[in-house]
Student: 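Just dropping this structure here.
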Amino acid sequence: MSNQGIVVWDMFAAWVTQIVGQRKAIVVAMDWTDFDADDQTTLALNLASNHGRATPLLWLTVLKDELKDSRNDFEDLCLARLAESLPDGIDGSKPSLNLPPAVEVKQESPPECTRGITDRPR
């Protein structure tokens with residue numbers, strides 16, 4: 001779980017492509033989950049399916065202290081990463097994803113994170 005050679009943020013493009021598969025349109029649910037015991041929170045973007053389940057597309061875990069006044073920035077970062085990771089031809093993807101004008105779709109990596117394999121190494 002703590003392999004510093006694995007940078008999941010960099011692997012999301014391949015993961016998203018695999019999960020989206022041949023779909024021509026997708027519905028994505030955004031969810032914040034708090035982990036009170038370790039003072040962390042995770043933002044997950046999940047592919048909603050027609051059978052009532054959601055499959056994680058990408059996620060980012062941050063300390064709650066880092067979230068203050070920055071929640072929208074983390075959401076924009078994840079939306080931008082999703083937009084650049086989606087295969088061409090997905091309805092609602094790159095050209096029409098409603099990102100704020102200040103968000104650049106080309107994001108290198110998230111800020112320093114704290115949760116093992118799910119985030120980039122420190």
Side-chain angles (χ1 to χ4, degrees):
M1 294 294 291
S2 62
N3 185 336
Q4 298 297 315
I6 296 175
V7 183
V8 175
W9 189 259
D10 295 340
M11 298 170 63
F12 282 137
W15 174 253
V16 167
T17 300
Q18 178 69 27
I19 297 302
V20 170
Q22 300 298 314
R23 291 175 180 87
K24 297 298 179 199
I26 62 172
V27 175
V28 176
M30 182 183 295
D31 177 57
W32 284 99
T33 301
D34 287 341
F35 300 95
D36 291 329
D38 55 10
D39 199 36
Q40 296 177 353
T41 188
T42 297
L43 172 62
L45 274 59
N46 301 298
L47 174 65
S49 68
N50 59 2
H51 53 75
R53 293 191 176 102
T55 303
L57 293 171
L58 61 91
W59 54 90
L60 178 67
T61 299
V62 296
L63 292 172
K64 289 183 183 180
D65 292 346
E66 295 173 359
L67 194 60
K68 185 176 168 59
D69 300 325
S70 298
R71 182 178 295 263
N72 289 344
D73 295 335
F74 287 112
E75 291 172 355
D76 292 345
L77 176 70
C78 288
L79 287 170
R81 182 67 175 136
L82 177 62
E84 72 180 17
S85 300
L86 286 171
D88 291 333
I90 298 293
D91 185 30
S93 66
K94 297 171 183 116
S96 60
L97 189 64
N98 293 322
L99 293 173
V103 175
E104 287 191 33
V105 176
K106 193 84 168 156
Q107 296 286 343
E108 292 301 318
S109 61
E112 289 296 324
C113 301
T114 56
R115 255 185 120 75
I117 195 169
T118 60
D119 300 313
R120 76 173 224 210
R122 289 175 237 173

Student: Could you state the interatomic distance from CG (Leu82) to CD1 (Ile26), rounded to the nearest 0.5 Å?
Tutor: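 It comes to 6.0 Å.
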Student: Salt bridge (charged side-chain N to carboxylate O under 4.0 Å, His left out) with Asp36: which residues, sequence neighbours excluded?
Tutor: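 Checked Asp36 against salt bridge (charged side-chain N to carboxylate O under 4.0 Å, His left out); matches are Lys64.
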Student: Distance check, rounded to the nearest 0.5 Å: Leu57 atom CG versus Arg81 atom CZ?
Tutor: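 It comes to 12.0 Å.
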Student: Is there a chain of hydrophobic side chains (I, L, V, M, F, W, Y, each step under 4.5 Å between heavy atoms) that links Trp9 to Met11?
Tutor: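 Yes, one cluster joins them.
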Student: Evaluate the criterion side chain to side chain contact (heavy atoms under 4.5 Å, CB included) for residue pair Ser49 and Thr55; output intermediate values, then yes/no.
Tutor: CA-CA 8 Å; Ser49 68; Thr55 303; 5.9 Å; no
Student: With rounding to the nearest 0.5 angstrom, report the CZ to OG1 distance, Phe74 to Thr42.
Tutor: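 Those atoms lie 11.5 Å apart.
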Student: Hey, could you give me the CZ/CG distance between Phe12 and Leu60, rounded to the nearest 0.5 Å?
Tutor: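 Reported value, rounded in 0.5 Å steps: 8.0 Å.
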Student: Can you give me every donor-acceptor pair (side chain of residues 15-22, partner residue at least two apart or in another chain, under 3.5 Å) with its distance?
Tutor:
residue	atom	partner	partner atom	Å
Trp15	NE1	Pro56	O	2.9
Thr17	OG1	Ala13	O	2.9

Student: Could you measure the distance from the CH2 atom of Trp32 to the CG atom of Leu67? Nearest 0.5 Å is fine.
Tutor: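 That separation rounds to 4.5 Å.
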Student: Got a sec, which residues hit side-chain contact (heavy atoms from CB on, under 4.5 Å) with Met30, two or more places apart in sequence or on another chain?
Tutor: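 Met30 satisfies side-chain contact (heavy atoms from CB on, under 4.5 Å) with Leu43, Leu45, Glu75, Leu79 once adjacent residues are dropped.
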Student: Would you give the length of the straight line joining atom OG1 of Thr61 to atom CD of Glu66, rounded to the nearest 0.5 angstrom?
Tutor: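 Going from OG1 on Thr61 over to CD on Glu66, the span is 10.5 Å.
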Student: Among all residues two or more places apart in sequence or in another chain, which pass the side-chain hydrogen bond (donor to acceptor under 3.5 Å, both in side chains) test with Asp31?
Tutor: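 Testing Asp31 for side-chain hydrogen bond (donor to acceptor under 3.5 Å, both in side chains), a comparison that skips the adjacent residues, returns Thr33.
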Student: Just to verify, what does Asp73 make a side-chain hydrogen bond (donor to acceptor under 3.5 Å, both in side chains) with, not counting sequence neighbours?
Tutor: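 Not a single residue meets the side-chain hydrogen bond (donor to acceptor under 3.5 Å, both in side chains) criterion with Asp73.
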